[in-house]
Structure formats: structure tokens, C-alpha cells
Amino acid sequence: QVQLVESGGRLVQAGASLRLSCTISGRTIDAYSMNWFRQAPGLEREFVAGISRNEVNTLYANPVKGRFTISKDNDKNTVYLQMTNLRPEDTAVYYCAARASAYVDARPILYDVWGQGTQVTVSS
């Protein structure tokens with residue numbers, strides 16, 4: 001059974017940096033394209049960033065472009081989300097998700113394996 005476990009979320013001040021990690025077990029990460037999504041209280045889950053299976057293609061939501069970077073380490077079976085210049089509006093539970101496809105896509109319905117989420121809180 002494939003499982004995803006996120007870590008790295010915590011309370012930080014605006015302008016800080018934070019790196020989230022998501023480790024896959026049950027199968028190697030090089031079989032998947034990987035996304036990060038987030039969900040703030042009272043709002044729908046939204047796409048944040050994605051990386052294709054071969055790591056060639058990445059995709060970012062407009063609010064995080066230039067501030068967040070997604071990367072994969074196949075040796076560690078882990079995908080990362082490096083977040084810089086964090087803003088209070090980045091506060092959310094961050095989820096990683098896996099799709100057994102070569103291609104990255106922003107639509108959450110296409111992702112069939114999800115982690116439990118990690119809380120990121122950015123204070124002003």
C-alpha cells in the first residue's frame with residue numbers, strides 16, 4: 001500500500017522560509033508525478049505546485065510563483081516544497097499527493113494517493 005507522510009509545517013513569521021517534505025512508502029517515488037495542495041479554513045483545497053515524474057516539468061499556482069520551489073529526491077523517496085517570503089495568506093494545511101502518471105496536472109481529482117497534511121501558520 002502506498003502511503004505519503006508530510007512533515008515540516010510549523011508556525012513562522014511573515015517573510016520566513018520553510019521547507020516541507022513528503023516521503024512515499026510502498027513504492028518508489030519515481031513512479032509518480034507529485035503535487036502539493038493546500039487548504040485554508042473555510043476554503044476549498046487548492047493547487048500549489050507540481051512536478052512531473054521525470055522532474056523535467058514543474059507547475060506553480062500564481063500566488064506562489066517565484067516564492068515556492070518543488071523538487072524531488074528519488075534516492076530519498078521524497079518530494080520537497082521550499083517556501084520563501086511566506087505571507088499570512090499562505091496559512092493552510094499542506095497536502096502532498098501522488099499520481100501514477102508521467103505528467104503534472106493541477107486538478108486534485110486526478111490524484112489518488114494523499115498524505116494527512118501538515119499545518120503551516122504564518123503570523124503577521
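- Side-chain atoms of R99 and V104, non-hydrogen and from C-beta on, never get closer than 4.5 Å to each other.
- Taken together through direct or relayed side-chain contacts under 4.5 Å among Ile, Leu, Val, Met, Phe, Trp and Tyr, M83 and I70 form part of one hydrophobic cluster.
- Cluster annotation: F47 is not connected to V113 through the hydrophobic network of ILVMFWY side chains, with a link wherever side-chain heavy atoms come within less than 4.5 Å.
- With rounding to the nearest 0.5 Å, the separation of OG in S52 from CE in M34 is 12.0 Å.
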What donor-acceptor contacts under 3.5 angstrom involve side-chain atoms of residues 18-31, with partners at least two apart or in another chain?
| from | atom 1 | to | atom 2 | distance (Å) |
| --- | --- | --- | --- | --- |
| T23 | OG1 | T78 | OG1 | 3.0 |
| T28 | OG1 | D30 | OD1 | 2.6 |

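- The minimum heavy-atom distance linking V79 with S71 is given by the pair CG2-O, 3.1 Å.
- With ring centers used as reference points, W114 lies under 6.0 Å from F37.
- Residues A49 and L81 share a closest heavy-atom pair of CB-CD1, 4.0 Å.
- By the rule that hydrophobic residues join a cluster once side-chain heavy atoms approach within less than 4.5 Å of another member, L4 and I109 end up as members of separate clusters.
- Contact annotation: the side chain of E6 never approaches that of Y94 to less than 4.5 Å [non-hydrogen atoms, C-beta and beyond].
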Mind listing the side-chain donor-acceptor pairs of residues 84-93 below 3.5 Å, one per line with the distance, residues two or more places apart or on another chain?
| from | atom 1 | to | atom 2 | distance (Å) |
| --- | --- | --- | --- | --- |
| T84 | OG1 | R67 | O | 2.7 |
| D90 | OD1 | R38 | NH1 | 2.9 |
| D90 | OD1 | R67 | NH2 | 3.0 |
| D90 | OD2 | R67 | NH1 | 2.8 |
| D90 | OD2 | R67 | NH2 | 3.4 |
| D90 | OD2 | R87 | N | 2.8 |
| T91 | OG1 | P88 | O | 2.9 |
| T91 | OG1 | V122 | N | 2.9 |
| T91 | OG1 | V122 | O | 3.4 |

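- Using modelled atom types, one side-chain atom of T118 and one backbone atom of G9 make a donor-acceptor pair closer than 3.5 Å.
- Every residue was checked against the ring-ring contact (aromatic ring centres under 6.0 Å, His included) condition with Y32, not counting sequence neighbours, and none meets it.
- Within a 6.0 Å sphere centred on CD of E46, heavy atoms belonging to other residues, nucleotides or ligands number more than 12.
- Side-chain contact check for Y60 versus T69: some heavy-atom pair is nearer than 4.5 Å.
- For the atom pair OH (Y111) and OG (S101), the distance works out to 7.0 Å, reported to the nearest 0.5 Å.
- For the pair Y103/S33, no side-chain contact is recorded, criterion being any heavy-atom separation below 4.5 Å from C-beta on.
- Placement of V120 and V48 within a single hydrophobic cluster is found when ILVMFWY residues are connected by side-chain heavy-atom separations under 4.5 Å, directly or transitively.
- Two residues are said to be in side-chain contact when any heavy atoms from C-beta on lie closer than 4.5 Å; Y95 and N35 fail this criterion.
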